[in-house]
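What follows is a set of notes on a single structure, which appears directly below.
From a predicted model like this one, the values you see are computed outputs, not experimental measurements.
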Amino acid sequence: MHYEITLPADYDMGVIRTRVATRGSATDEFPGLGLKAYCVRERGVDGSPVNQYSPFYLWRTAEGMNSFLWGPGFRGLSADFGRPAVRHWVGLAFARGPAATPTDATKRTRALPADADAAEAVQAAVEDLGRVEGHPALHSTAVAVDPARWELVRFSLWSGPPPEEDGAIRYRVPHLSSPELDDLSAGRHW
């Protein structure tokens, strides 16, 4: 699950950093949550053209996701910034890397052409995890698909600057909640 709150170009991103520092621990023990990366993009930093608060979640249970979306945390966020569109995907694969606490994240999305064999494209995306899985700075990575848009997404957390990758959006991660990270199923999910 992922949502993006794009902020004005002159927005004081210190407000977001303070928000994460003071409220981020609220999801540190959230039931059903594998991980929540508190992702931030700052205009002019790491090539970002925008200021953005953009959390990314890996849910272990649908009940946990529902509890969050209909609970006080998301209600408060919506009251402060307006209710964002929440993207969600079906998980295809998950892998852990050797690195500890992540500081950065990347998200790469790719639309599947209408004439592409979806099963082959999904298989290739999952196999591509092997390219990053052994990287010493990798904390974790996931591949998912949105079958309404036929779009693949790979989200990766890094301890330090991530490797360069065409088409990837880079984020800073000032906080990671990972209450059920060890319970996320590694490997292919079909």
Side-chain angles (χ1 to χ4, degrees), residues 1-60 64-65 67-89 94 96-109 132 135-142 144 153-165 167-182 184:
M1 183 177 95
H2 184 225
Y3 50 86
E4 300 171 327
I5 299 171
T6 302
L7 302 158
D10 62 349
Y11 190 85
D12 178 4
M13 292 303 286
V15 171
I16 298 299
R17 286 189 291 276
T18 299
R19 180 185 187 95
V20 172
T22 59
R23 299 182 188 185
S25 63
T27 55
D28 285 352
E29 296 181 20
F30 203 92
L33 178 62
L35 67 80
K36 176 182 181 179
Y38 288 78
C39 297
V40 176
R41 295 172 72 192
E42 191 165 347
R43 186 171 186 251
V45 176
D46 299 325
S48 177
V50 297
N51 287 327
Q52 198 173 67
Y53 175 52
S54 191
F56 194 95
Y57 305 73
L58 293 179
W59 291 100
R60 222 178 55 67
M65 182 178 78
S67 180
F68 176 78
L69 285 173
W70 319 131
F74 193 71
R75 197 172 323 153
L77 175 112
S78 296
D80 291 346
F81 297 104
R83 186 176 59 219
V86 178
R87 297 286 317 272
H88 58 287
W89 297 266
F94 175 73
R96 295 284 303 266
T101 307
T103 57
D104 293 82
T106 54
K107 182 184 83 168
R108 182 173 171 240
T109 56
V132 296
H135 193 286
L138 181 71
H139 172 274
S140 56
T141 187
V153 64
R154 183 179 69 221
F155 183 79
S156 303
L157 292 168
W158 305 93
S159 182
E164 291 294 323
E165 181 178 16
I169 296 173
R170 182 173 173 190
Y171 304 91
R172 294 292 173 103
V173 181
H175 184 75
L176 177 75
S177 292
S178 55
E180 298 181 19
L181 175 63
D182 291 337
L184 288 174

The reported gap from CG in L138 to OG in S159 (rounded to nearest 0.5 angstrom) is 10.0 Å
For the pair D182 and R60, find out whether any cationic side-chain nitrogen is under 4.0 Å from an anionic carboxylate oxygen. no
With rounding to the nearest 0.5 Å, note down the distance linking CG in L176 to NE2 in H139. 5.5 Å
For R41 and P49, the nearest pair of non-hydrogen atoms, with its separation, is NH2-CD, 3.3 Å
Could you check if a side-chain atom of I16 sits within less than 4.5 angstrom of a side-chain atom of N51, using non-hydrogen atoms only? no
Step by step, work out the side-chain contact (heavy atoms from CB on, under 4.5 Å) result for L7 and M13. CA-CA 9 Å; L7 302 158; M13 292 303 286; 3.9 Å; yes
Flag side-chain contact, heavy atom, 4.5 Å: P161 against R170: yes
Would you say H88 has more than 12 foreign heavy atoms packed within less than 6.0 Å of its NE2? no
With T18 as partner, the option from T22, V15, V20 fulfilling side chain to side chain contact (heavy atoms under 4.5 Å, CB included) is T22
What I'd like to find out is whether the side chain of R23 reaches to under 4.5 Å of the side chain of L77, using heavy atoms alone. no
Close side-chain approach of W59 to L33, heavy-atom, < 4.5 Å: yes
Counting only N and O atoms by type, is there a donor-acceptor contact under 3.5 Å from the side chain of T6 to the main-chain atoms of Q52? no
Step by step, work out the side-chain contact (heavy atoms from CB on, under 4.5 Å) result for Y11 and R43. CA-CA 9 Å; Y11 190 85; R43 186 171 186 251; over 6 Å; no
Would a 4.5 Å heavy-atom cut-off, applied to side chains only, mark S156 and R108 as touching? no
Please identify which of these residues, F30, Y38, Y57, meets the side chain to side chain contact (heavy atoms under 4.5 Å, CB included) condition with S177. Y38
Of all heavy-atom pairs between G24 and D28, which one has the smallest distance, and what is that distance? O-OD1, 3.7 Å
Say whether, by atom type as modelled, one donor and one acceptor occur between the side chain of R87 and the main chain of M1 under 3.5 angstrom. no
Hey, could you give me the CD1/OG distance between I169 and S54, rounded to the nearest 0.5 Å? 7.5 Å
CZ/F155 to OG1/T109 distance, rounded to the nearest 0.5 angstrom? 12.5 Å
Can you tell if the side chain of P84 reaches within under 4.5 Å of the side chain of S78, non-hydrogen atoms only? yes
Near-ring test Y171/F56, centroid separation under 6.0 angstrom: no
Does the side chain of L181 reach to within under 4.5 Å of the side chain of F94, using non-hydrogen atoms? yes
Got a second to check how far F68's CZ is from K36's NZ, nearest 0.5 Å? 4.5 Å
How many angstroms lie between CD1 in I5 and CG in D80, if you round to the nearest 0.5 Å? 9.0 Å
Heavy-atom check, side chain of R172 versus side chain of V45, under 4.5 Å: yes
Kindly say whether the aromatic ring centers of F74 and Y3 come within a distance under 6.0 Å. yes
